[in-house]
Amino acid sequence: MIKNLVLGLAILSISSTLTAQSVSVDNGGATVTPDGQWTTRVTFYSPSIVRVSKYPGATAPDKKSYSVIMQPESVTLGTERKANGVTLKSSSLTASIGADGNVRFSDSKGNLLLSESASSHAPCVNKVDEGRFKVSQSYNLDSAEVIFGLGQRQSPVLNQRGQDVRMWCGNTNITIPYFTSDKGYGLYWDNAGDSRFTDIDNIASFTSEVAPSIDYYFIYRDGTQDGVIAGIRSLTGEATMFPIWTLGHWQCRERYKSSDELCDVLDRYRALEIPLDGMVQDWQYWGCDSNWNAMKFVNPHYINKMGDAKWMRYLPNDEDPNAVYPDPRIKSPEEMVSYVHDNNSKLMISIWANFGPWTDQYRELDKIGALLPFETWPRNRGVRPYDPFNPKARDIYWKYLTNLYKMGIDAWWTDSTEPDHFEAPGDADYMTHDGSWRSVKNAFALMTNKGIYEHQRKMKGNNRRSVQMTRCGTFGLQHYGTFSWSGDVVSNWNVMKNQIPSGLNYVICGIPFWNTDIGGFFGWDYKNDPKSPAMQELQVRWMQWVR
């Protein structure tokens with residue numbers, strides 16, 4: 001038996017032929033390589049955060065994390081070498097690596113928290129992912145253990161035991177490969193690609209289709225969720241503080257079709273003396289679908305150009321060009337923004353993660369190969385998502401968004417950040433800047449919102465906090481001035497009920513703010529009739545719950 005405090009001491013390497021393994025201990029953790037198996041590396045990032053990596057060979061592969069920004073701290077560890085492995089002990093928890101490479105976690109008193117079961121790895125069969133692996137890691141859960149998390153899913157269950165969940169984000173489903181236990185620990189599976197969580201017969205597993213290695217983080221401080229959340233913030237970044245107006249009442253609808261319409265609604269709130277803190281301008285202020293997400297007001301309704309042939313080509317596709325409208329009261333988008341501010345409200349505006357073929361963004365992104373060749377919304381219009389993994393693409397995105405920022409827009413509604421994707425065979429093979437689509441897709445929303453946040457923070461003379469509401473998200477989103485809402489949910493009672501466990505399982509992943517469309521978005525069950533007493537009842541009850 002060898003005992004050693006490793007902080008500030010020389011690196012200790014131990015090899016044992018008796019157990020057919022190689023063990024090395026250093027001042028950050030330990031490495032165990034069972035004979036003929038993958039290496040297991042345990043690294044203490046802090047006394048309460050442990051990273052576990054498993055990889056072929058003796059050298060850890062390069063591994064990019066989109067969510068984790070923390071660097072390992074110097075941690076005082078007690079080490080104990082046994083015939084069947086090595087144990088590392090911090091002030092908060094103990095990690096033991098067995099001769100087989102499996103890891104066990106215990107609290108400071110020796111009570112077992114979680115232990116690994118089997119792991120597996122196999123070479124990827126997709127040529128674009130050659131050199132990487134399909135990996136899986138299983139964990140033993142107690143039969144009575146309760147776990148929460150996995151993001152925001154349209155599910156009626158709060159306890160995530162017994163679930164089988166594909167980690168592949170979509171509208172209304174934000175899947176996050178993280179769970180936390182009523183024992184007071186959290187586990188983040190650090191993979192942004194196509195993955196799956198299963199819990200069968202007290203064996204919980206994460207599996208990813210593409211990875212250079214098995215890679216996850218275990219968080220435990222004192223058995224409380226406060227301790228776990230503190231660990232998440234250390235690992236992925238502190239949550240930014242939002243301005244107080246964001247916690248008030250916002251007014252939004254499917255869309256306002258003109259500046260007058262938006263300002264008239266604001267006037268009505270003020271006349272009725274109903275508190276209102278924010279107005280939301282949704283889509284099509286940019287005009288028709290071919291001009292999708294131009295990030296400027298080109299719709300002739302907003303720029304006082306109705307009837308002008310030069311601008312009528314931009315009229316939204318579903319509007320009648322021959323309709324007659326009165327002269328506008330608000331004659332420019334700048335005037336609209338000023339009007340909203342003068343009436344003590346803020347303005348959020350919809351921006352998307354895709355661009356129509358008429359836009360300047362489309363042409364500039366296309367030149368650098370930063371448009372994804374997927375069919376997205378709106379369909380059959382030539383609209384394509386951009387590649388937020390490409391830093392030059394993120395620069396271009398902000399370059400054109402600066403137009404709205406300088407106009408005085410207060411917050412961004414980053415819509416369709418899954419993004420909308422009508423999947424076709426072979427789409428997952430498409431290469432982004434960082435790798436195949438199947439290997440990075442779930443970080444799309446994070447990189448989009450991170451790009452906006454970081455660029456806005458760098459603006460000279462910036463006196464506005466970056467506030468973004470996005471339709472998707474993942475672990476660490478809270479660090480970039482961003483929260484999610486539950487997407488385009490259907491208006492009915494079961495859906496409203498499901499928002500409660502969905503929202504709770506989302507915020508337990510360390511993202512403190514979350515929202516939902518009051519009354520739902522698609523009113524199909526009530527024939528989209530706002531005067532239906534049943535729909536009005538749902539609207540009232542939904543609002544009572546949210547408030």
Side-chain angles (χ1 to χ4, degrees), residues 1-9 11-14 16 19 21-34 39-54 68 70 72-119 137-142 145 147 178-190 202-204 214-232 234-235:
M1 182 182 298
I2 297 174
K3 294 184 177 179
N4 185 28
L5 284 177
V6 298
L7 180 63
L9 300 182
I11 293 176
L12 172 66
S13 294
I14 307 167
S16 172
T19 54
Q21 64 175 336
S22 172
V23 178
S24 64
V25 180
D26 55 54
N27 61 358
T31 304
V32 174
T33 306
T39 294
T40 297
R41 169 67 188 176
V42 168
T43 306
F44 274 76
Y45 272 49
S46 77
S48 58
I49 301 173
V50 176
R51 180 183 183 183
V52 177
S53 304
K54 299 186 179 185
V68 175
M70 183 184 188
E73 303 171 355
S74 294
V75 181
T76 300
L77 296 176
T79 67
E80 184 176 3
R81 172 74 168 89
K82 296 182 178 180
N84 61 348
V86 62
T87 295
L88 308 172
K89 186 174 183 179
S90 74
S91 58
S92 297
L93 66 91
T94 298
S96 301
I97 315 173
D100 56 2
N102 283 347
V103 183
R104 293 166 56 91
F105 300 97
S106 305
D107 65 18
S108 59
K109 296 180 180 179
N111 299 308
L112 180 64
L113 298 170
L114 183 71
S115 63
E116 291 184 349
S117 183
S119 61
Q137 179 65 61
S138 299
Y139 308 90
N140 299 301
L141 301 183
D142 291 344
E145 190 170 355
I147 61 173
Y178 167 85
F179 70 83
T180 186
S181 166
D182 60 353
K183 289 183 175 183
Y185 69 79
L187 189 148
Y188 171 56
W189 178 258
D190 193 11
N202 299 324
I203 302 293
I214 291 171
D215 194 13
Y216 70 90
Y217 293 81
F218 184 87
I219 304 169
Y220 180 87
R221 188 181 70 182
D222 54 12
T224 68
Q225 283 301 318
D226 282 345
V228 176
I229 295 296
I232 292 174
S234 295
L235 193 62

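None of these values were measured; they are calculated from a predicted model.
Minimum interatomic distance between V42 and A95 (heavy atoms only, all atoms of both residues): CG1-CB, 4.2 Å. P72 and F44 make their closest contact through CB-O, 4.3 Å (heavy atoms, listed as atom of the first residue, atom of the second, distance). Taking every heavy atom of both residues into account, S181 and Q225 meet most closely at O-NE2, 3.3 Å. For the pair V228 and G184, the tightest heavy-atom approach, listed with the atom from each and the gap, is CG2-O, 3.1 Å. When all heavy atoms of G231 and I49 are compared, the pair lying nearest together is O-CD1, 3.4 Å. S91 and P47 make their closest contact through OG-CB, 3.5 Å (heavy atoms, listed as atom of the first residue, atom of the second, distance).
For the ring pair (Phe, Tyr, Trp, His ring centres under 6.0 Å) criterion with Y216, the lone passing option out of Y188, Y139, Y185 is Y139.
In this structure, K89 contributes its side chain and G78 its backbone to no donor-acceptor pair below 3.5 Å.
Note that the CG atom of L114 and the CG atom of N140 stand 7.5 Å from one another [nearest 0.5 Å]. For the atom pair CG (N102) and CG (N84), the distance works out to 12.0 Å, reported to the nearest 0.5 Å. The distance from the CG atom of D107 to the CG atom of L93 is 9.0 Å, given to the nearest 0.5 Å. The distance from the CD atom of E116 to the CD1 atom of I214 is 7.5 Å, given to the nearest 0.5 Å. The distance from the NZ atom of K82 to the CD1 atom of I97 is 13.5 Å, given to the nearest 0.5 Å. Rounding to the nearest 0.5 Å gives a distance of 11.5 Å between CD1 of I229 and OG of S234.
Between D190 and R51 there is no salt bridge, since no side-chain N of the basic residue sits under 4.0 Å from a carboxylate O of the acidic one.
Ring pair F105/F218 is parallel by interplanar angle, where below 30° counts as parallel and above 60° as perpendicular.
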Applying side chain to side chain contact (heavy atoms under 4.5 Å, CB included) to W189 and Q137, what does each step give before you reach the verdict?
CA-CA 9 Å; W189 178 258; Q137 179 65 61; 3.6 Å; yes

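Residues T43 and R41 bring a donor and an acceptor atom of their side chains to less than 3.5 Å of each other.
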